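Report on the structure given below.
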Amino acid sequence: TAGLWNWLDKWKALGICSAICITGNFIHISWLSFSNFLYYTLFFYIGIAYKKNKRWIIGNQKLTIVSFVVAILLVFVYWDREQVTYISSIPLVRLFIALGFSLTLWYIFEHVKFLGGNKLLCFCGRYSLEIYVMHNFFTSASRQLPKLGITNVYLVTAIAFTAGILAPILFSVLGKKMKIYNFFFKPFSYSNRSRTDQ
């Protein structure tokens, strides 16, 4: 009975997060990026489920294959070569594409030992929160590169990609040494500790 209840709890949570995510696709509230917050709820839940039980969802080979095939088909059907309509602007299409590719990448990294045990990738993985939170600050700076004479699209992409990963890692390492890390990445912990110190 306990096992069945836990199974139902997982699927209930998945259903609720899916409903919240779909809601975020159809409503547009710009205040504090509320619509984006709703949209990414499902992906955050999958990340939590992955940490607690790697075999659930991400370890499901059939689900991974089906979601990947659906994602590929949607890309081919909705790809607009003239870039008049972006896939990301079509509500449920972007959700299924993102979900399909995310599950596939997770599955690959979980089952390919070279990737899953790669020291560099594991190192970056330990700073995934910092990279997620801060990468936009550094990749946005790449828009200024053409003003410096760097116009090659591949070089600009490479610089933006590298800066978006390495700069947040460097920032977090320095932040820990200066004891201001929690202020940026764990504000509640920082606030509670400050009150305790007083």
Side-chain angles (χ1 to χ4, degrees), residues 6-30 33-118 120-122 124-125 128-129 131-133 135-136 139-140 142-143 152-162 164-165:
N6 289 334
W7 182 83
L8 288 173
D9 278 349
K10 291 176 182 178
W11 286 104
K12 283 179 182 178
L14 180 62
I16 292 171
C17 290
S18 298
I20 293 173
C21 178
I22 293 172
T23 302
N25 277 267
F26 289 99
I27 65 173
H28 301 285
I29 302 175
S30 58
S33 299
F34 189 69
S35 297
N36 287 335
F37 171 78
L38 296 177
Y39 172 72
Y40 286 112
T41 300
L42 175 60
F43 298 93
F44 275 110
Y45 174 71
I46 291 175
I48 294 170
Y50 171 74
K51 185 176 181 180
K52 291 184 176 181
N53 185 358
K54 293 182 179 181
R55 294 298 174 189
W56 189 66
I57 298 181
I58 296 169
N60 190 322
Q61 187 178 26
K62 291 181 180 179
L63 176 63
T64 302
I65 293 173
V66 170
S67 61
F68 179 70
V69 170
V70 170
I72 290 293
L73 290 174
L74 288 173
V75 168
F76 276 107
V77 171
Y78 287 95
W79 183 260
D80 183 1
R81 296 184 182 277
E82 301 298 326
Q83 294 188 348
V84 176
T85 303
Y86 292 94
I87 291 177
S88 61
S89 66
I90 309 174
L92 291 180
V93 170
R94 68 168 182 164
L95 169 59
F96 287 117
I97 290 175
L99 193 59
F101 285 125
S102 296
L103 291 176
T104 302
L105 288 173
W106 265 319
Y107 189 87
I108 291 173
F109 274 83
E110 184 65 29
H111 290 82
V112 178
K113 292 183 179 179
F114 169 73
L115 295 174
N118 185 278
L120 178 60
L121 294 177
C122 289
C124 292
S128 56
L129 169 65
I131 294 171
Y132 174 78
V133 171
H135 75 277
N136 277 335
T139 55
S140 296
S142 64
R143 298 173 184 173
N152 184 287
V153 64
Y154 299 106
L155 181 58
V156 171
T157 302
I159 292 174
F161 179 78
T162 304
I165 293 177

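Quick caveat: nothing in here was measured; it's all calculated off a predicted structure.
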Practice item. With sequence neighbours left out, write down each residue that passes side-chain contact (heavy atoms from CB on, under 4.5 Å) with V156, or none if nothing qualifies. Key: S142, L145, I150

Exercise for review: Please name all residues satisfying side-chain contact (heavy atoms from CB on, under 4.5 Å) with I16, sequence neighbours left out, ordered by chain then number.
Suggested key: I20

Point to revise | Heavy-atom pair of closest approach, residues G164 and T139 | key: CA-CG2, 3.8 Å

Exercise for review: Please confirm whether the backbone N or O of I159 pairs with a side-chain atom of T162, one donor and one acceptor, at under 3.5 Å?
Suggested key: no

Exercise for review: Tell me, please, which residues at least two apart from F44 pass ring-ring contact (aromatic ring centres under 6.0 Å, His included).
Suggested key: Y132

**Study point:** Spatial distance of atom SG (C124) from atom CD1 (I165) [nearest 0.5 Å]
**Key:** 5.5 Å

**Study point:** R94 to Y39 - nearest heavy-atom pair and separation
**Key:** O-OH, 3.5 Å

Practice item. With the side chain counted from C-beta on, respond yes when L99 and V70 share a heavy-atom pair under 4.5 Å apart, and no when they do not. Key: no

Point to revise | Contacts of type ring-ring contact (aromatic ring centres under 6.0 Å, His included), residue Y40, not counting sequence neighbours | key: none

Exercise for review: Please report the shortest heavy-atom distance between A71 and G100, naming the atom on each side.
Suggested key: CB-CA, 4.0 Å

Review point. How many angstroms lie between CZ in F43 and SG in C21, if you round to the nearest 0.5 Å?
Key: 5.5 Å

Review point. Out of I97, I22, L74, which residue meets the side-chain contact (heavy atoms from CB on, under 4.5 Å) rule with L92?
Key: I22

Review point. Which residues pass the side-chain contact (heavy atoms from CB on, under 4.5 Å) test with F68, sequence neighbours left out?
Key: I72, F101, T104

Review point. Which value, rounded to the nearest 0.5 Å, describes the distance between L42 atom CG and C17 atom SG?
Key: 6.5 Å

Exercise for review: Could I get the full list of ring-ring contact (aromatic ring centres under 6.0 Å, His included) partners for F96, not counting sequence neighbours?
Suggested key: none

